[in-house]
Amino acid sequence: MRAWQFVGTHKPFERVDIEEPTAGPGKVVVDVKAAGLCHSDVGILEDEKWLSSMKELPVVPGHETAGIISEIGEGVTDWKVGDRVAVWPMLGQGYTVNGAWEDRTEVTSDALVAIPDEVSFNQAAAATDAGMTSVGALSTAGVEAGMKVGVIGFGGLGQIGARVAYLRGAEVYVAEVNESIWDRAREAGAVKVAKSITEFTDVELDVIIDYAGFGVTTADALKTVKSSGGGRVVQVGMGKLESTIDTYSLILGRKQLHGSMGGSKDDIEETMRFMASGKLTPTITEIDFEEIPAGIQQLTDGTVVGRLVAKVAD
């Protein structure tokens, strides 16, 4: 079957043909229909630090998976062949075990999440990481009705985080350098949109969630979040793996800085409930399976609109 493999840092993904998996005990095989692409997939090509989270190479990337169960392993009783499922990526898919950039993937049944009938495979793939991580950060931040929430980056993650924060009843402010998508941010519920989060210093934001993570964005968030009452910055984006922060502002303002990675299956289910209801319709750009390297280049260049998902099969 077809697959893309990660073979090492600073090396391109390799298109290969590999043996099809079979469902071991407690596992299923999923015929992949849609596989998401993420900035983490750019990161593994550029930064050796990612190797510590990888299995023995080569490995098939792809931690955003949606498809149909085609084989059930021994001991699996809660699922059946033909079920539409997404995959909770927190068990290492695409890093310690082969991921979705292949025609069929073996998945532990504990990682499966049912896809509502109203949700497409593309949407479900985006929900597994972009949705889970975005909503998981809202949970880390304690976002609830009445709060003033800043969102940095209105890309694949930020568009979902901003919208769900609005749906939870928060007052949302978005920082996004790409002015061409400002109208979409407003449509998602943003009160104001600007190029930098620092333009909202006078708003007294309770929480700022940095979905970009390009170093300066983290530093700007800490300077901008309110000082009184324990303003909180939640770091999600990993555009860069380092940032220089103003500890003077952090300490004297008694501010908080939290890291948030991934989320729970409940976060995926919340995302898909909003999708099924029609209240959450994130922008998704679809490419073909064979175009995955080109998609990675688009992510590198910052030209992707919304979330990037590869169509693996009809």
Side-chain angles (χ1 to χ4, degrees), residues 26-28 30-41 61-69 76 78-79 83-97 99-101 105-144 151 155-168 188 209 211 234 236-238 259-284 286 306-310 312:
K27 299 181 179 181
V28 305
V30 174
D31 288 358
V32 181
K33 300 297 184 180
L37 282 72
C38 175
H39 274 285
S40 299
D41 300 317
H63 53 277
E64 296 187 339
T65 311
I68 296 175
I69 296 176
V76 177
D78 295 336
W79 303 93
D83 283 346
R84 301 172 76 243
V85 294
V87 178
W88 182 43
M90 296 302 289
L91 299 182
Q93 193 191 37
Y95 297 96
T96 59
V97 296
W101 294 2
T105 187
E106 184 187 32
V107 179
T108 178
S109 63
D110 292 341
L112 298 176
V113 180
I115 302 174
D117 292 340
E118 301 86 354
V119 175
S120 70
F121 288 118
N122 278 357
Q123 288 177 317
T128 60
D129 183 28
M132 172 197 69
T133 301
S134 301
V135 175
L138 299 181
S139 300
T140 298
V143 171
E144 57 186 14
V151 169
L157 296 178
Q159 64 170 332
I160 296 174
R163 178 62 177 170
V164 174
Y166 169 79
L167 292 172
R168 287 188 179 186
I209 304 175
Y211 289 112
V234 176
V236 181
M238 300 176 72
S260 182
M261 184 183 75
S264 67
K265 287 198 284 186
D266 289 342
D267 295 323
I268 298 175
E269 290 170 349
E270 180 180 359
T271 302
M272 289 202 286
R273 282 197 300 271
F274 281 130
M275 288 176 168
S277 72
K279 295 179 180 178
L280 175 63
T281 55
T283 300
I284 294 174
E286 181 185 281
R307 195 64 172 178
L308 198 58
V309 176
V312 182

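All values below come from the heavy atoms of this structure, side chains included, with hydrogens, waters and symmetry mates left out.
The two residues Ala100 and Gln93 have their closest heavy-atom pair at N-NE2, 4.3 Å. Here the closest heavy-atom approach between residue Asp267 and residue Gly136 is recorded as OD2-CA, 3.5 Å. Closest approach of Asp129 to His63, counting heavy atoms only: OD2-NE2, 2.8 Å. Smallest separation of non-hydrogen atoms from Ile115 and Ala86: CG1-N, 3.6 Å. For the residue pair Glu118 and Gln123, the shortest heavy atom distance occurs at O-OE1, 4.0 Å. Closest approach of Thr128 to Ile268, counting heavy atoms only: O-CD1, 3.7 Å.
Checked against side chain to side chain donor-acceptor pair (under 3.5 Å), Ser260 has the following partners two or more places apart in sequence or in another chain: Thr140. Listed by chain and residue number, Trp79 satisfy the side chain to side chain contact (heavy atoms under 4.5 Å, CB included) test with Ala114 (two or more places apart in sequence, or in another chain).
Expressed to the nearest 0.5 Å, how far OG1 of Thr133 lies from CD1 of Ile209 amounts to 12.0 Å. With rounding to the nearest 0.5 Å, the separation of OH in Tyr211 from NE2 in His39 is 14.5 Å. Once rounded to the nearest 0.5 Å, the distance linking CE of Met272 with OG of Ser120 reads 10.5 Å. Of the inter-residue distances, the one linking Met132 atom CE with Asp266 atom CG reads 12.0 Å to the nearest 0.5 angstrom.
When atom types are taken as modelled, the side chain of Trp88 and the backbone of Gly263 share a donor-acceptor pair closer than 3.5 angstrom. The main-chain N or O of Val309 is never found under 3.5 Å from a side-chain atom of Glu64 such that the two would form a donor-acceptor pair. Side-chain N or O atoms of Arg307 include none that pairs as donor or acceptor with a backbone N or O of Gly131 at under 3.5 Å.
Residue Lys33 places its NZ atom among more than 12 non-hydrogen atoms of other residues, nucleotides or ligands, all under 6.0 Å distant.
A 4.5 Å side-chain heavy-atom check between Met275 and Pro282 finds at least one atom pair inside the cut-off. Leu91 has its side chain out of reach of Val97: every pair of non-hydrogen atoms, C-beta onward, lies at least 4.5 Å apart. Considering only heavy atoms from C-beta on, Met90 comes within 4.5 Å of Met261 through its side chain. With contacts defined as side-chain heavy-atom distances shorter than 4.5 Å, the pair Ile69/Leu112 qualifies.
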Please output the side-chain donor-acceptor pairs of residues 155-167 that fall under 3.5 Å, not counting sequence neighbours, one pair per line with the distance.
from   : atom 1 : to     : atom 2 : distance (Å)
Gln159 : OE1    : Thr283 : N      : 2.8
Gln159 : NE2    : Thr283 : O      : 3.1
Arg163 : NE     : Lys279 : O      : 2.8
Arg163 : NH1    : Ala188 : O      : 3.2
Arg163 : NH2    : Lys279 : O      : 3.0

Exercise. For side-chain contact (heavy atoms from CB on, under 4.5 Å), just list the numbers for Trp101 and Leu37, CA-CA rounded to whole Å, side-chain angles, deciding distance to a tenth of an Å, and then say yes or no.
Key: CA-CA 9 Å; Trp101 294 2; Leu37 282 72; 3.9 Å; yes
Exercise. Show your reasoning for whether side-chain contact (heavy atoms from CB on, under 4.5 Å) applies to Glu270 and Leu280.
Key: CA-CA 10 Å; Glu270 180 180 359; Leu280 175 63; over 6 Å; no
Exercise. Check the pair Val312, Phe121 against side-chain contact (heavy atoms from CB on, under 4.5 Å), reporting the backbone distance first and the verdict last.
Key: CA-CA 10 Å; Val312 182; Phe121 288 118; over 6 Å; no
